[in-house]
Participant: 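Sharing a structure, written as structure tokens. Questions coming.
Only this structure's heavy atoms are used, side chains among them; waters, hydrogens and symmetry mates stay out. As the structure lists them, so they are numbered: ligands from 1, and atoms in each ligand from 1.
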Amino acid sequence: MTTSNKTVYIDTVGCQMNVLDSELVIAALKKDGYSLTDSPADADVILFNTCSVRELAEEKTYSAVGRVVQHKRRDPNKVLGVIGCMAQKEQENVRHRHPLVDLVVGTGQLAKIPELVRTVQETRQPQYALSLGRKDAGRHEVEASFESYDPARDPEMRPTPFQAFVRVQIGCDKFCTYCVVPSTRGPEQSRHPDQIVHEARVLVDQGCKEVTLIGQTVNSYVFDHGDGRRTRLSDLISRLHDVPGLERIKFVTNFPKDMTNDLLDAVHHLPKVVKYLHVPVQSGCDEVLKRMKRLYTVAEYQEMLDRARERVPGVAVSSDFIVGFCGESEESFQKTMRLVEEAKFKNSFIFKYSERSGTKAAERYPDDVPEEVKKRRNNDLLAVQNANSLADHQAWIGKSVSVLVEGRSKRDQRTNHEPTAVPQLTGRTMTDHIVVFDAPDRVIGHTLTLDIEDASGFTLFGRVRTDEVIGVTGTAPPTMAPKPRRIGLSVV
Ligand code: 5AD
Ligand code: SF4
């Protein structure tokens, strides 16, 4: 079954893990003769790769599935699948709300999708593939039911052809009380470093210049070789640093308590490693952190932050916050405001607490902060963060930065561009700052030095040195031309 016109549509929401999972699922289906389509109406297989972190993400998926059910009614031969976190967490609910769904496949079972699609087509019976719950069996059995799934890669599905995610770890063992991830993605398991290095080499052969290592708590990565040797994240990035052709290495997301000095020193000393750390603190109040079971105090987080800035001069740090967590008083929230004022994060992702069934917080604490209060706190925190982001960005004016050019800026993707005009492009610095600038498409995928001339709270505005553009010869290969849409991604 390798030559046919079978098509697959995939809608992806959620975090980088989901983006990568979608890439791998599509790569596997392509081997089965499928090609990717942008239109669910035309697709033979329609997949929703889903997120359960907040209720809103789940509700949006239920609505999105509802919108495509009409296609399935019209053509019962279509295969309709819900995969990923919601499949694992919601299982029966998905089929209950949308009985025409044929496939429900959890995060640890994605490798089975091609086979399950064939089974649905042959039997017209719904297929479920789910991993064990955290309490359903012993740790070893539960671990085995979450398969690490990282086979063939598919450049067409990546955010850009020269950037790729590489999974170094699956699952999470932290059990923060608000979070569904330890259930939806299973026990924490680190991949063998040889596999990761091999994958990076394959990616570089495909034209990739930047890899982002992903794990829920990536800095707790440790591979035990079973003979007394252990590979930590610092060892892994040192090995990856030696891969010829690889230009940049990033890693997300970090857990504050696991930020060890060996890792910070590796970030400082290895020139290919991006000087940027995403280390979510979640709250600036010790009592709230305790109820969240984050395992550190505000003072311990601040010590980590000072240490990171001392050991990696110039490092940019970003954070996540949850506002309106159970029992968060106005006083608790003001402590978070003070932390954001003082910590000078490059940027912060701020979320209103969303109660998730099956979590400890849902069991133990009432969701007692009213929605309007959550909204107001979200806005207040964002205002403080935005002022800090603007100040941080303005400090770059007059400096030169090295930027990996990612593609056309959003503005340029939206407008109908005059063919003769120089397009506006976007890229990122070694501290993960976004820069927009005017330059021809042929520099997409290259690293350029830019002079920063202006800044907003979200973006730096740069000018390319003329000699840099002249130095980049040839035209961008067709795969590097801006595409209207690679995959539907809305970041968690
Ligand atoms: N409600 C709101 N935000 C949440 N996050 C995780 N679980 C929840 C929840 N139940 C946020 C955390 C995490 C980010 C990925 O999502 O801030 O760091
Ligand atoms: Fe969720 Fe906490 Fe694990 Fe992050 S560390 S995935 S917030 S349980």
Participant: So which bit of Thr217 gets within less than 4.0 Å of ligand 2, heavy atoms only: side chain, backbone, both or neither?
Facilitator: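 Side chain only.
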
Participant: Does ligand 2 have a heavy atom under 4.0 Å from the side chain of Pro280, from its backbone, from both, or from neither?
Facilitator: neither

Participant: By number and element, which atoms of ligand 1 are closer than 4.0 Å to a non-hydrogen atom of Phe351?
Facilitator: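 Selected atoms, number and element: 3 (N), 11 (C), 14 (C), 16 (O), 17 (O).
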
Participant: Within ligand 1, which atoms have a heavy atom of Arg356 less than 4.0 Å away?
Facilitator: 10 (N)

Participant: Should the heavy atoms of other residues, nucleotides or ligands under 6.0 Å from CD of Glu363 be counted, would the total exceed 12?
Facilitator: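 Yes, CD of Glu363 has more than 12 neighbouring heavy atoms, counting only those of other groups under 6.0 Å.
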
Participant: Is it the side chain, the backbone, both or neither of Val53 that has a heavy atom closer than 4.0 Å to ligand 1?
Facilitator: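 For Val53, the contact with ligand 1 is made by both the backbone and the side chain.
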
Participant: Does only the side chain of Phe175 get under 4.0 Å from ligand 2, or the backbone, or both, or neither? Count heavy atoms.
Facilitator: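 Within the 4.0 Å criterion, Phe175 contacts ligand 2 through backbone atoms alone.
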
Participant: Relative to the heavy atoms of Val181, which atoms of ligand 2 are at a distance of less than 4.0 Å?
Facilitator: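 Counting from 1, the qualifying ligand atoms are 6 (S).
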
Participant: Looking only at side chains, do Thr231 and His225 share a donor and an acceptor under 3.5 Å apart?
Facilitator: yes

Participant: One residue to check: Glu355. Relative to ligand 1, which of side chain, backbone, both or neither has a non-hydrogen atom less than 4.0 Å away?
Facilitator: neither

Participant: Can you list the ligand 2 atoms lying under 4.0 Å from a non-hydrogen atom of Cys179?
Facilitator: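 So the answer, numbered in order with elements, is 1 (Fe), 6 (S), 7 (S), 8 (S).
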
Participant: Gln282 heavy atoms, cut-off 4.0 Å: which ligand 1 atoms fall inside?
Facilitator: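 Atoms satisfying the 4.0 Å criterion: 12 (C), 13 (C), 17 (O), 18 (O).
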
Participant: Can you list the atoms of ligand 1 that are under 4.0 Å from a heavy atom of Asp320?
Facilitator: 13 (C), 14 (C), 15 (C), 17 (O), 18 (O)

Participant: May I ask you to check whether over 12 heavy atoms, not counting those of His198, lie within 6.0 Å of atom NE2?
Facilitator: no

Participant: Between the side chains of Gln169 and Glu188, does any donor sit under 3.5 Å from an acceptor?
Facilitator: yes

Participant: Within ligand 1, which atoms have a heavy atom of Lys352 less than 4.0 Å away?
Facilitator: 1 (N), 2 (C)

Participant: Kindly write out the residues that satisfy side chain to side chain donor-acceptor pair (under 3.5 Å) with Arg134, not counting sequence neighbours, or none if the list is empty.
Facilitator: Asp173

Participant: Taking Thr107 for its side chain and Cys85 for its backbone only, find out whether a donor-acceptor pair lies under 3.5 Å.
Facilitator: no

Participant: Say whether Arg185 and ligand 2 are in contact under the criterion: heavy-atom distance to a ligand atom below 4.0 Å.
Facilitator: no

Participant: Which ligand 2 atoms, with their elements, are less than 4.0 angstrom from a heavy-atom of Pro182?
Facilitator: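 By the 4.0 Å cutoff, the relevant atoms are 8 (S).
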
Participant: Could you tell me if Tyr178 and Arg294 have a donor-acceptor pair between their side chains, going purely by distance under 3.5 Å?
Facilitator: yes

Participant: Determine whether the side chains of Glu330 and Gln334 contain a donor N or O and an acceptor N or O closer than 3.5 Å.
Facilitator: yes

Participant: Give the atom numbers and elements of ligand 2 that come within less than 4.0 Å of a heavy atom of Lys174.
Facilitator: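 Answer for ligand 2: 5 (S).
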
Participant: Does Lys275 use its side chain to pair, donor to acceptor, with the backbone of Val267 at less than 3.5 Å?
Facilitator: yes

Participant: Where's the contact between Cys172 and ligand 2, heavy-atom distance under 4.0 Å: side chain, backbone, both or neither?
Facilitator: side chain

Participant: Determine whether more than 12 heavy atoms belonging to other residues, nucleotides or ligands lie under 6.0 Å from atom NZ of Lys290.
Facilitator: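 Atom NZ in Lys290 is not packed in, count stays at 12 or less.
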
